[in-house]
2 protein chains.
Amino acid sequence: MPLPAKAELGQGRLTVDRRCVISLDASAEPRVRKAAIRFCELLSRQTGMPIQPSFATGAERAFLQIQYGAPGEQVQSVKANESYTLEVTDAGARLKAAEPLGVLRGLETLLQLVQMDAGGTAIPAVRIDDRPRFPWRGLLIDAARHWMPVEVILRNLDAMAAVKLNVLHWHLSDDQGFRVECRTFPNLHGMGSDGSYYTREQIREVLAYARDLGIRVMPEFDMPGHTTAWFVGHPELASGPGPYQIERKWGIFDPAMDPAREAVYEFLDRFVAEMAALFDDEYFHIGGDEVNGKQWNANPAIQAFKREKGMKNNHDLQAYFNQRLLKIVQKHGKKMIGWDEILHPTLPKDSVIHSWRGQKSLAQASGQGYLGILSSGYYLDHMLPTSQHYAVDPLGKECADLSEEQKARIMGGEACMWAEFVTPETIDSRIWPRMAAIAERFWSPANVVDVEDMYRRLDAASIRLGRLVTHRSNLPPMLERLADGSETEPLETLLSVLEPLKYYDRPDAREYTSFTPLNRAVDAARPESLTARRFANLVASVLTDASAADAAQARRLLSLWRDNHALLKPVIARAPMLKEVEGHSENLAALAEIGLEALDCVVSKRSPAPGWPARAKTVIERARKPQAELLNMLAAPVQKLAAAAR
Amino acid sequence: MPLPAKAELGQGRLTVDRRCVISLDASAEPRVRKAAIRFCELLSRQTGMPIQPSFATGAERAFLQIQYGAPGEQVQSVKANESYTLEVTDAGARLKAAEPLGVLRGLETLLQLVQMDAGGTAIPAVRIDDRPRFPWRGLLIDAARHWMPVEVILRNLDAMAAVKLNVLHWHLSDDQGFRVECRTFPNLHGMGSDGSYYTREQIREVLAYARDLGIRVMPEFDMPGHTTAWFVGHPELASGPGPYQIERKWGIFDPAMDPAREAVYEFLDRFVAEMAALFDDEYFHIGGDEVNGKQWNANPAIQAFKREKGMKNNHDLQAYFNQRLLKIVQKHGKKMIGWDEILHPTLPKDSVIHSWRGQKSLAQASGQGYLGILSSGYYLDHMLPTSQHYAVDPLGKECADLSEEQKARIMGGEACMWAEFVTPETIDSRIWPRMAAIAERFWSPANVVDVEDMYRRLDAASIRLGRLVTHRSNLPPMLERLADGSETEPLETLLSVLEPLKYYDRPDAREYTSFTPLNRAVDAARPESLTARRFANLVASVLTDASAADAAQARRLLSLWRDNHALLKPVIARAPMLKEVEGHSENLAALAEIGLEALDCVVSKRSPAPGWPARAKTVIERARKPQAELLNMLAAPVQKLAAAAR
């Protein structure tokens with residue numbers, strides 16, 4: 001995962017042993033050599049075998065031959081060639097690419113081909129011809145709303161590389177924090193970050209690390225809104241009177257830069273100069289979203305400025321700001337990218353529209369000649385099932401009707417990990433494994449759409465990614481904390497069928513600030529219950545052909561859930577943080593009992609007792625209600641069973 | 001854990017919230033300030049709350065007041081004062097220490113006091129007056145036999161600090177590898193390490209990291225034996241003709257330095273000069289163990305040298321080498337320490353004897369006026385139960401009869417993690433949590449010996465340590481690899497009652513080299529089965545008072561084990577690496593069935609069916625046999641049950 005564009009299985013297999021002779025031209029770029037060493041390290045970790053790389057040039061009997069045509073770009077761009085071919089026979093593996101980037105991608109594929117079975121550790125003979133569908137395949141990590149230390153970024157880069165993503169969109173400033181050391185204006189990070197910011201050295205470390213993995217790092221400094229944290233140290237940039245405090249709540253806030261003051265542009269010129277030199281990517285993301293205009297409306301000088309310039313509305317005012325900012329960004333050698341809101345008739349055609357609104361907005365931009373990428377449908381913080389993201393195509397919906405030329409302007413997409421409800425402890429579990437399926441959407445051919453097959457491969461991908469990121473390993477410590485010393489199994493059983501509230505229902509459920517601990521059951525629960533998904537499939541299968549094995553498996557699961565409350569109840573009694581899920585635990589038992597009775601009726605083709613349907617309805621309705629910001633995902637499949645039993 | 005010397009619970013509790021105001025003198029040492037920040041970070045990780053430290057001086061209402069008397073030593077020594085007092089009331093916590101080290105120790109205690117319960121997150125009111133029993137409390141990590149990257153060392157330092165250990169004994173060279181960059185003789189690491197060695201910069205990083213945690217780092221360069229890896233690049237040091245290869249097997253090997261050649265001492269003088277400058281600890285460990293003398297006996301020049309000097313045996317020859325080495329070590333400002341073998345009438349009294357042989361050897365050394373530390377009984381690679389290590393006391397056995405003055409020369413102990421059978425993936429699971437109990441032996445008063453209480457506290461300590469090291473988190477990925485995509489639960493159930501072979505039975509069971517993958521069931525299994533331990537306690541309790549609750553719990557466990565094979569069998573069929581544990585899985589089911597029958601007989605006070613005792617005996621005997629280098633730890637308690645049933 002992602003599935004290659006073309007793969008043909010051959011005959012035989014290549015044995016993997018501890019001596020990994022790699023044939024590589026002596027003049028190969030350092031990052032290619034590093035990638036080969038990294039390949040061996042990852043192979044060691046994957047297999048548990050101590051694998052030692054050794055290099056040779058033109059070795060006939062090399063385990064792996066690496067060749068590429070042209071040197072890579074000084075700074076990786078959206079034009080880089082990532083294609084490769086990989087041929088594995090029982091004599092060796094041959095990896096050929098046009099550029100170093102293709103080598104990196106091919107090595108990740110090779111890692112995924114390794115099998116450990118009765119014949120030992122080996123790679124099946126195969127011929128793969130692979131290239132990405134889109135040149136822009138990104139993940140946005142918001143390090144502003146909750147601080148994410150460097151190690152969070154580094155490990156996520158590792159995982160991104162594993163699924164062939166190539167852009168880290170680093171959201172570095174927002175109302176809740178300004179996260180980069182700024183030499184020119186040290187009050188930006190000094191007063192706007194609570195001391196939690198990336199030093200210049202750390203930024204360089206991340207860029208170098210990402211480059212070695214073939215990942216571009218694009219910074220975002222959101223302007224002119226989402227800028228409260230800037231104003232703590234620089235109130236003179238704001239459209240309203242200060243003083244300002246770092247924002248602790250979530251939402252859209254009033255503070256915005258003053259587009260009418262020349263000093264603001266002088267400030268931004270010096271700011272962008274420093275940041276453009278620090279970040280080497282060709283693109284500079286200026287945000288540009290969600291300005292509510294209240295500060296502008298309340299400021300007489302700004303109103304006068306609008307009248308004077310003949311601007312009809314705040315959108316015009318923001319367009320003016322964007323044009324000024326664009327000139328600054330261009331002056332410092334960058335191309336500008338921003339969210340949908342920056343689209344305006346006056347915007348130059350070499351800007352990129354980053355759409356959080358959807359394909360319609362993207363199609364419109366592309367139709368007008370702009371480049372574009374899609375993020376709508378890929379919001380990981382919405383806690384949606386993988387299948388839902390997987391179904392979203394950057395060239396789907398309105399974009400499907402574009403001309404080929406217009407389609408070519410849609411460069412790909414980015415998944416967004418907005419950080420209102422994640423901490424370093426939980427963020428990986430919100431990104432992974434779902435991100436892997438989105439990465440496949442961006443890389444693999446458009447016709448790779450088999451959802452069941454995707455889920456099957458996602459299971460394996462999740463285990464593999466678990467060696468790089470913490471989406472699996474963070475769960476036991478969180479369960480241990482919640483259970484406060486009691487055994488965690490019954491809690492794990494309960495949480496395995498619950499999911500956090502979707503979209504923006506969570507902030508609506510309770511008053512949250514950036515200080516609120518994210519250590520509750522809702523934070524430990526996974527965004528998608530694969531257990532509930534499997535059970536729903538089982539129910540569907542029982543209802544269509546009622547195979548005895550499926551029915552037995554469904555019965556086994558329902559019995560486990562029915563009995564779980566008796567085990568969890570004493571744990572809850574000793575662990576106060578679990579009090580809030582007691583209702584869920586009771587409901588699960590009751591729901592499972594309904595499910596068992598319904599299953600029996602279906603399997604033995606008998607009718608339920610009179611009064612049972614009413615009771616079933618009550619139980620299912622109760623289970624459906626969110627509690628502790630968690631949803632019981634078994635309510636729907638049990639309802640299906642119950643309906644069939646009637 | 002370790003239990004403080006003295007603790008008195010008070011009334012009330014101190015609430016922990018996100019604002020952690022710490023009162024600290026402005027002139028405090030940087031490492032004390034760093035420790036306070038680290039305290040907040042660990043508290044965040046522990047509670048899941050975002051905790052922000054802020055410093056104040058003399059703040060009346062500080063959450064935590066830190067005071068200490070004298071500045072710390074430039075380089076931490078065995079004389080450092082680690083005592084502290086900690087007073088927690090509902091108004092705040094006051095931590096007082098003589099030196100910075102005591103502050104570090106007290107902060108670790110404070111972390112352990114934090115409770116999350118119905119009343120929120122808080123620390124109970126308490127007064128603690130604490131000091132260590134021994135000044136030398138160490139862990140030896142062997143980075144020679146299997147390479148351990150820096151991150152392994154760093155994370156283990158974190159865990160060591162959590163249980164108040166203060167010496168990392170870093171075993172840096174052996175037959176299988178020379179692991180330090182040496183500027184003076186670059187062939188040492190260049191040819192003796194397969195490229196896996198610590199750079200000088202990394203060594204400095206480790207020393208600085210350890211110093212901040214109040215941990216001394218003592219290097220060991222084992223001489224004159226265990227030196228094959230030196231000879232790969234420097235055969236001229238050896239007593240036998242070269243060339244030499246890095247040793248790939250385990251055991252005691254012939255190669256040894258030539259004590260009769262002056263050039264050897266000239267080499268060592270320059271070598272020790274560089275290493276003594278790099279490592280700042282006052283002690284320099286020269287190993288000195290296990291010279292089999294074969295190369296010496298085979299070398300006519302060495303034999304002539306012995307005759308000439310009037311030496312009676314090889315022990316005299318080694319003593320001569322040690323004296324020469326001692327002078328070199330002293331010349332470069334260090335004190336010498338070595339294993340038992342260095343003890344010899346000619347050895348100067350300021351040397352330290354490090355005993356792997358036992359208290360008898362230690363008592364003898366102390367009786368002769370030497371300082372000593374104990375490692376016998378603390379070999380973590382022997383895979384023994386925690387209780388067995390816990391029962392070993394540096395002042396026990398022969399040492400108990402020493403005079404007070406002699407006892408005072410016994411400075412403490414070190415647990416040893418020899419690395420024949422560990423990799424970076426598994427090493428933490430062999431060190432932790434057992435090390436925590438040994439750390440308590442070294443720190444807490446001699447009368448802290450309640451084994452059941454130790455195990456109860458060890459459970460909590462293990463969870464806490466799981467946030468620092470990987471002894472818990474490494475298991476799921478290993479199980480996933482073994483199960484090759486199938487569900488891992490039944491395998492986990494089986495492994496939870498198996499233990500690896502003890503002492504040196506494992507290398508006897510199979511031919512191992514340093515290239516052998518350590519990725520099998522025996523590597524995933526924990527050194528001590530706490531499940532089997534709990535079951536044995538349950539059986540003991542059933543047999544003494546046959547409480548219905550205990551019997552029901554025993555029945556539940558036995559039923560789980562009886563049914564596990566049916567679940568694991570299909571997994572094994574699909575996962576070839578598990579084939580070797582199929583016999584264990586079958587035996588577990590059979591054993592559990594015997595256990596269930598025996599339990600029924602005991603509880604209902606009836607006799608088993610005729611023929612049953614014979615069958616029980618057969619099943620238990622079969623289960624007792626090691627398979628796949630693993631032992632079934634339920635055989636013993638089931639046998640007890642069966643015996644009682646007869």
Side-chain angles (χ1 to χ4, degrees), chain A residues 17-19 37 41 44-54 115-121 146-147 149 194-196 423-426 456 459-460 462-464 466-467 470 472-478 480-482 484-485 488-489 514-520 523-524 574-577 579, chain B residues 17-19 37 41 44-54 115-121 146-147 149 194-196 423-426 456 459-460 462-464 466-467 470 472-478 480-485 488 514-520 523-524 574-577 579:
Chain A
D17 68 8
R18 59 161 203 90
R19 284 236 167 268
I37 293 170
E41 281 170 7
S44 280
R45 219 186 289 179
Q46 182 171 325
T47 60
M49 294 165 56
I51 289 165
Q52 213 100 50
S54 66
Q115 294 171 347
M116 301 177 81
D117 60 26
T121 304
H146 274 99
W147 166 240
D194 296 308
S196 295
T423 63
E425 182 178 42
T426 60
R456 190 183 55 72
D459 270 352
S462 180
I463 288 177
R464 223 171 41 241
R467 294 185 198 108
T470 65
R472 297 170 80 89
S473 62
N474 81 324
L475 184 59
M478 293 190 79
E480 284 158 1
R481 182 197 292 144
L482 286 165
D484 197 17
T488 56
E489 245 178 88
S514 53
F515 295 138
T516 311
L518 298 176
N519 57 5
R520 291 158 58 224
D523 301 297
R574 288 190 298 269
M577 287 176 78
K579 189 70 195 156
Chain B
D17 68 9
R18 58 160 204 90
R19 283 239 167 265
I37 293 170
E41 280 170 6
S44 280
R45 220 187 287 179
Q46 183 171 325
T47 59
M49 293 165 57
I51 289 165
Q52 214 101 50
S54 67
Q115 295 171 348
M116 299 178 82
D117 61 24
T121 304
H146 274 101
W147 166 241
D194 296 308
S196 294
T423 62
E425 183 179 42
T426 59
R456 191 183 54 74
D459 270 353
S462 180
I463 289 176
R464 223 173 37 241
R467 294 185 198 110
T470 66
R472 297 169 80 88
S473 62
N474 82 323
L475 185 58
M478 292 191 80
E480 284 157 1
R481 181 197 292 144
L482 286 166
D484 197 18
T488 57
S514 52
F515 295 138
T516 311
L518 299 176
N519 57 6
R520 292 159 54 226
D523 301 297
R574 288 189 299 267
M577 287 177 78
K579 187 73 193 152

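Just so it is clear: chains get the letters A, B, ... in the order the sequence lines come, proteins before strands, and each one is counted from 1.
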Main-chain N/O of A:Glu425 paired with B:Arg45 side-chain donor or acceptor, under 3.5 Å
no

Value for CD (A:Gln115) from CG (B:Asp484), rounded to nearest 0.5 Å, stands at 8.0 Å

Contact part of A:Ser514 toward chain B, heavy-atom cut-off under 4.5 Å: side chain, backbone, both or neither?
backbone

Output all residues satisfying side chain to side chain donor-acceptor pair (under 3.5 Å) with A:Glu480, sequence neighbours left out; order by chain, then residue number.
B:Arg472

Tell me, side chain or backbone of A:Met116 under 4.5 Å from chain B's heavy atoms, or both, or neither?
both

Can you tell me which of B:Asp459, B:Thr516, B:Thr423, B:Thr47 forms the most heavy-atom pairs within a distance under 4.5 Å of chain A?
B:Thr47

Option that, when pairs with chain A are counted at under 4.5 Å, heavy atom only, ranks first among B:Pro476, B:Pro576, B:Gly120, B:Gly195
B:Pro576

With a 4.5 angstrom heavy-atom cut-off, could you sort out which part of B:Ile463 is near chain A: side chain, backbone, both or neither?
both

Among all residues two or more places apart in sequence or in another chain, which pass the side chain to side chain contact (heavy atoms under 4.5 Å, CB included) test with B:Asp194?
A:Gln52, B:Ile246, B:Arg248

Can you give me the closest heavy-atom contact between A:Pro50 and B:Pro517, atom names plus distance?
CD-CA, 3.8 Å

Do you know which of B:Gln46, B:Lys579, B:Arg467 has the most heavy-atom pairs with chain A at a distance under 4.5 angstrom?
B:Gln46

